[in-house]
2 protein chains.
Amino acid sequence: MATGRTHRPATRSRGIPEATVARLPLYLRALTALSERSVPTVSSEELAAAAGVNSAKLRKDFSYLGSYGTRGVGYDVEYLVYQISRELGLTQDWPVVIVGIGNLGAALANYGGFASRGFRVAALIDADPAMAGKPVAGLPVKHTDELEAIISDNGVSIGVIATPAGAAQQVCDRLVAAGVTSILNFAPTVLSVPEGVDVRKVDLSIELQILAFHEQRKAGEDAAQESAAQESAAPAPAVSGGADRRKGPDGDVPAVMPA
Amino acid sequence: MATGRTHRPATRSRGIPEATVARLPLYLRALTALSERSVPTVSSEELAAAAGVNSAKLRKDFSYLGSYGTRGVGYDVEYLVYQISRELGLTQDWPVVIVGIGNLGAALANYGGFASRGFRVAALIDADPAMAGKPVAGLPVKHTDELEAIISDNGVSIGVIATPAGAAQQVCDRLVAAGVTSILNFAPTVLSVPEGVDVRKVDLSIELQILAFHEQRKAGEDAAQESAAQESAAPAPAVSGGADRRKGPDGDVPAVMPA
DNA sequence: ATGTCTTTGTGAACGCGTGCACAAAGATGG
DNA sequence: CCATCTTTGTGCACGCGTTCACAAAGACAT
């Protein structure tokens, strides 16, 4: 899960915990599926299973929104869909711009999950003049020169950055200057933004690295680690002193220092 | 940030907190950049700024790995790169399969961030026979029929699912049955997996919805909410009783119930 | 109307993560 | 060798998030 908020450390927004907000879309998806199957009500137990969470957690989450359930029965599906949608701000239309129409940007433009949730792709923007005018996902790609005008004309407040890492900060600055206050960043960089601008980051390679960590751990449980002695390219610290002592929290850290 | 682990609730893996593990790739990226600029050492303050975190947090994170710094000087960049890489399991090669070669799958296949971190795309797999053999990112797309053989032949333990939601669980089951124990899921579904299999989820639409929530909140700070009265399609609960009372945690929740 | 049964809503306890603030360690200069 | 200065490593406290467990609420049958 690519996660990561920036700024506003843990500001419990309007009394709703951040962790709960992050789960609301999950519930909404499960509820939408139930709604399409014309299921009238669900218990917290059933819905929790469908969303992949604990039922107590789900009930506590809903309790932050108000008392929308009926004891002995459960939750009314349609009503809950509406309440969560409203809470998340999905009853209104959110125009979005995607900057950087490479492989990933094109994939995002074609992604159906946006439109179905109240997000409308207002424009696709790329710095490459050769891309300008080319249709992607039914929209003509605009050149970066038009960025400010597009944002202002469409009242865009959410921007998606899918550029290479090197261009991300510059694009971010222009988006913010033009009035964007929420950014979804796919570029592998830490963006710095002024106060009041929200940034969320999705980093594909980080997710894989976390999986690799757990995978390595699983593999290491059976076979004791001998991989630490296989390489020879291990650099040594440049500092003088005896920094070769190891004080790992466990005793299983090999005391060898790569030469 | 698309985040979300599944199973193993908070198993502090080998003494390293999950939150720390999630930040190690961040540090690694910042350190790699420093390494390329031939910077010999960094202080926790500098590195923390580059990674976008608190310096105290960074020092505590590193303390879980051992004492790799030198007081009065800082951390040796090359040495730290090596230690974190080893800790994350990136000193070895991880063959990966990507299932579902649509727009997103193709974007992932072309993503450079994988190969540079020890991940090797062993195969691209798609269910569409028309895709079979077509080259994507320099690799010929394989048909789903070959899934089990590919995984077994290449010793693949990490799978990436980029299929439509409907196919995800089935693909997941086949991956797991074939020996995959870590899955990165881009399909908007909750996957159920047996014990011992790690699943991480990246959901593009969820990230946008979280941004929309905060965006709505920002907008609502100035203009008091009047949008709640604009629509007419609000469903009412099917249950009989007087469920129309609202007991929101704050008093700012409108007490009107959509008719 | 009364009793039973189901399911919600939440009080309370616990654990993890974060950040402060400082002592210990070592570099550096005289 | 001593003093000073920088920076790490960590003890401690605090707050958020999770989970348990149960009382309250309401549906439903009799």
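Below, read A as the first sequence line, B as the second, and so on, with proteins coming before strands; counting in each chain starts at 1.
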_Atom-to-atom span, OH of A/Y27 to P of C/dT8 - whole angstrom_ = 13 Å
*Send over the distance from A/F62 CZ to C/dG9 C1', rounded to a whole Å.*
13 Å
*Would you confirm whether A/W94, through its side chain, and A/S157, through its main-chain N or O, come within 3.5 Å as a donor-acceptor pair?*
no
*How long is the line joining CG of A/L58 and P of D/dT19, in whole Å?*
12 Å
*Closest to the B/P17 side chain: C/dG19, C/dT18, C/dG17?*
C/dG17
*Partner set under side chain to side chain contact (heavy atoms under 4.5 Å, CB included) for A/S85, not counting sequence neighbours*: A/L28, A/V81, A/L90, A/T91
*Do the side-chain N and O atoms of B/Y79 and B/Q83 include a donor-acceptor pair separated by under 3.5 angstrom?*
yes
*Does any donor-acceptor pair link the side chain of B/K60 with the base of D/dG9 at a separation under 3.5 Å?*
no
*Would you mind reading off the distance between A/D61 atom CG and D/dC16 atom P, rounded to a whole angstrom?*
16 Å
*Round to the nearest Å and state the distance from B/D76 atom CG to C/dG26 atom C1'.*
16 Å
*B/E36 and B/T32: CA distance, side-chain angles, deciding distance, side chain to side chain donor-acceptor pair (under 3.5 Å) verdict*: CA-CA 6 Å; B/E36 281 166 3; B/T32 304; over 6 Å; no
_Residue A/R59, side-chain atoms from C-beta onward, closest of C/dG9, D/dT18, C/dT18_ = C/dG9
*asked:* I'd like to know if the side chain of A/K201 reaches the main chain of A/P188, judged simply by a donor and an acceptor atom lying under 3.5 Å from each other, with no hydrogens or angles considered.
replied: no
_Assess the residue pair A/F62 and A/Y68 against the criterion (side-chain contact (heavy atoms from CB on, under 4.5 Å)); give the C-alpha distance rounded to whole Å, side-chain angles, the decisive distance to 0.1 Å, and a yes or no._
CA-CA 7 Å; A/F62 285 175; A/Y68 293 151; over 6 Å; no
*Spacing between B/E45 atom CD and C/dG19 atom C1', to the nearest angstrom*: 13 Å
*B/L65 CG - D/dT8 P separation (whole Å)*: 15 Å
_Whole-Å distance separating the OH atom of B/Y64 from the P atom of D/dT8_ = 17 Å
*What residues, two or more places apart in sequence or in another chain, satisfy side chain to side chain contact (heavy atoms under 4.5 Å, CB included) together with A/N54?*
A/A56, A/K57
All N/O pairs under 3.5 Å across the protein-nucleotides 5-7 of chain C interface:
{"from": "C/dT7", "atom 1": "O4'", "to": "A/G72", "atom 2": "N", "distance (Å)": "3.0"}

